Amino acid sequence: MATTVLLLDEHTIQQLGEIYQDAIHQIPPHAHYQLKLPSLTVTAYHSGKVVLQGTNVDAFVQKHDLTASTSTKKSKVETNGLPEGFSNWGVIGSDEVGTGSYFGPLTVACAFVPENLIKELQILGVKDSKILTDSQIQEIVPKIKELVPYKLLTLWPEKYNEVQQTKNLNEMKALLHNQAIKRLYQQINADLLQAVLIDEFCSPSNYYRYLGDQSAPLKAITYFKTKGESHHIAVAAASMIARDAFLEGLKTLSKEYGYPLLSGANASVDELASKILKQEGMDGLRKVAKLHFANTQKAIDLTK
């Protein structure tokens with residue numbers, strides 16, 4: 001059985017993982033994934049080292065042009081792991097809001113920004129939603145929606161709590177991101193799309209594992225980067241749309257259930273949750289809050 005060790009760049013490792021996502025067998029320690037292919041096992045490590053073991057090594061290397069030159073492609077890649085000039089590409093960006101807030105929904109949004117609209121979004125003031133005030137976001141988002149195609153999914157607390165019984169948070173986010181991107185892809189001119197960028201919340205291998213039977217929506221390469229909004233304005237636009245929807249969701253729930261729901265997960269949130277718990281019980285709290293947060297136990301303790 002032959003064993004070959006290659007040093008590949010992040011882009012190539014990701015591409016192989018996407019091509020053979022159905023063959024992901026397991027995820028060894030410090031690895032992106034391990035592929036089980038006919039007469040071949042491929043293990044890709046975070047260090048960039050890829051170990052190929054089996055009787056089909058040479059054919060696999062030739063098929064994907066995994067020569068020594070592959071490891072030198074970094075000269076064409078920026079230090080952030082994205083292709084040179086990526087910020088000027090036509091990209092679908094995807095982000096979510098609400099994972100750190102006890103009250104309110106989880107919102108996932110994606111936006112497609114073709115090359116010719118990047119400048120216009122910059123002029124609008126589109127940037128990371130975390131450095132904008134809520135009023136600024138609510139003023140700019142309607143203009144973003146008029147300018148670029150987008151998709152928005154909202155998982156309300158009652159449904160969130162139901163799904164959370166069988167799926168962890170990252171799995172829920174992966175499924176929502178994938179669904180939103182698939183829907184958006186169906187309504188855009190795919191010829192203008194060069195890549196997808198998801199604000200990274202888990203490893204790419206875990207993301208595709210969470211999708212299970214849900215196929216990835218398109219052939220364009222998908223990248224995963226933390227602080228994705230700093231790498232492409234499409235993620236910033238998606239972040240702002242998701243934040244605006246989250247804020248509107250808080251308002252809707254506050255009006256419907258008669259409580260001034262707060263964003264975040266601090267002591268003031270604990271006190272309000274305790275009040276709701278006393279008056280409405282756990283059934284009332286599950287309609288406005290994410291019950292698996294530690295705030296739930298804190299609210300229970302406050303009621304005693």
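Position 1 is the first residue of the sequence; numbering continues from there. The shown structure was predicted, so the numbers you read here are calculated from the model rather than taken from an experiment.
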Look up atom NZ in K275 and atom CG in L272, then write down how far apart they are to the nearest 0.5 Å.
7.0 Å
Going by atom types only, do H32 and S205 share a side-chain donor-acceptor pair under 3.5 Å?
no
Verify the distance criterion only: is there a donor paired with an acceptor across the side chains of Q15 and T12 at less than 3.5 Å?
no
Linked, directly or transitively: L82 and I233 (ILVMFWY side chains, under 4.5 Å):
no
Other residues, nucleotides and ligands only: do more than 12 of their heavy atoms fall within 6.0 Å of NZ on K145?
yes
Counting distance only, does the side-chain N/O of S239 pair as donor-acceptor with the main-chain N or O of V235 below 3.5 Å?
no
Nearest 0.5 Å, what's the CE-CG distance between M240 and L124?
8.5 Å
State whether a side-chain donor-acceptor pair under 3.5 Å links Q187 with K151.
yes
Which atom pairs, one a donor and one an acceptor, fall under 3.5 Å between side chains of residues 100-107 and the rest of the protein, sequence neighbours left out?
residue: S101; atom: OG; partner: F103; partner atom: O; Å: 2.9
residue: S101; atom: OG; partner: G264; partner atom: N; Å: 3.1
residue: Y102; atom: OH; partner: T296; partner atom: OG1; Å: 2.8
residue: T107; atom: OG1; partner: V97; partner atom: O; Å: 3.3
residue: T107; atom: OG1; partner: A242; partner atom: O; Å: 2.8

Just how far is it from atom NZ of K225 to atom NE2 of H231, taken to the nearest 0.5 Å?
5.0 Å
No-hydrogen, no-angle side-chain donor-acceptor test under 3.5 Å, Q279 and Y259:
yes
Salt-bridge present (E146, K143; N to O < 4.0 Å):
no
So, Y207 versus F224, ring centres under 6.0 angstrom or not?
yes
Is it the case that the side chain of K167 and the backbone of Y210 share a donor-acceptor pair, with hydrogens and angles ignored and the cut-off at 3.5 Å?
no
State whether a side-chain donor-acceptor pair under 3.5 Å links E200 with T226.
no
Hey, does the side chain of S87 reach the backbone of H232 with a donor-acceptor pair shorter than 3.5 angstrom?
no
Run the side chain to side chain contact (heavy atoms under 4.5 Å, CB included) check on K63 and F60 step by step: do they pass?
CA-CA 5 Å; K63 178 180 179 180; F60 186 86; 5.7 Å; no
Go through the steps for L66 and L16 under the test side chain to side chain contact (heavy atoms under 4.5 Å, CB included), then give the verdict.
CA-CA 11 Å; L66 301 180; L16 292 174; 4.1 Å; yes
Please round to the nearest 0.5 Å and tell me the distance separating atom CG of D22 and atom CG of L211.
10.5 Å
Looking at F201 versus H177, is the centre-to-centre ring distance below 6.0 Å?
yes
Where do L35 and L40 land on the side chain to side chain contact (heavy atoms under 4.5 Å, CB included) test, with the steps shown first?
CA-CA 8 Å; L35 308 177; L40 181 66; over 6 Å; no
Is a side-chain N or O of Q194 found less than 3.5 angstrom from the main chain of G90, in a donor-acceptor match?
yes
Taking atom types as modelled and ignoring hydrogens, do the side chains of Y223 and H11 form a donor-acceptor contact shorter than 3.5 angstrom?
yes
Once you round to the nearest 0.5 Å, how far does CD of E158 lie from CG of N161?
8.0 Å
Does a side-chain N-to-carboxylate-O contact under 4.0 Å join R243 and D95?
no
Within 45 degrees of the axis of the six-membered ring of Y45 and under 6.0 Å from its centre: does K49 put its NZ or CZ there?
yes
Counting neighbours of CZ on F112 that are heavy atoms of other residues, nucleotides or ligands and sit closer than 6.0 Å, is the number greater than 12?
yes
Worked check of side chain to side chain contact (heavy atoms under 4.5 Å, CB included) between T99 and L169:
CA-CA 8 Å; T99 58; L169 178 55; 4.1 Å; yes
So, the side chain of Y33 versus the backbone of V42: is there a donor-acceptor pair under 3.5 Å, distance only?
no
Okay, side chain of N56, backbone of A59: is any donor-acceptor separation there less than 3.5 Å?
no
Do side-chain atoms of D128 reach the backbone of I131 as a donor and acceptor pair under 3.5 angstrom?
no
Do K173 and E96 meet the salt-bridge criterion of a basic N to acidic O distance under 4.0 Å?
yes
Could you tell me if Q62 and D58 have a donor-acceptor pair between their side chains, going purely by distance under 3.5 Å?
no
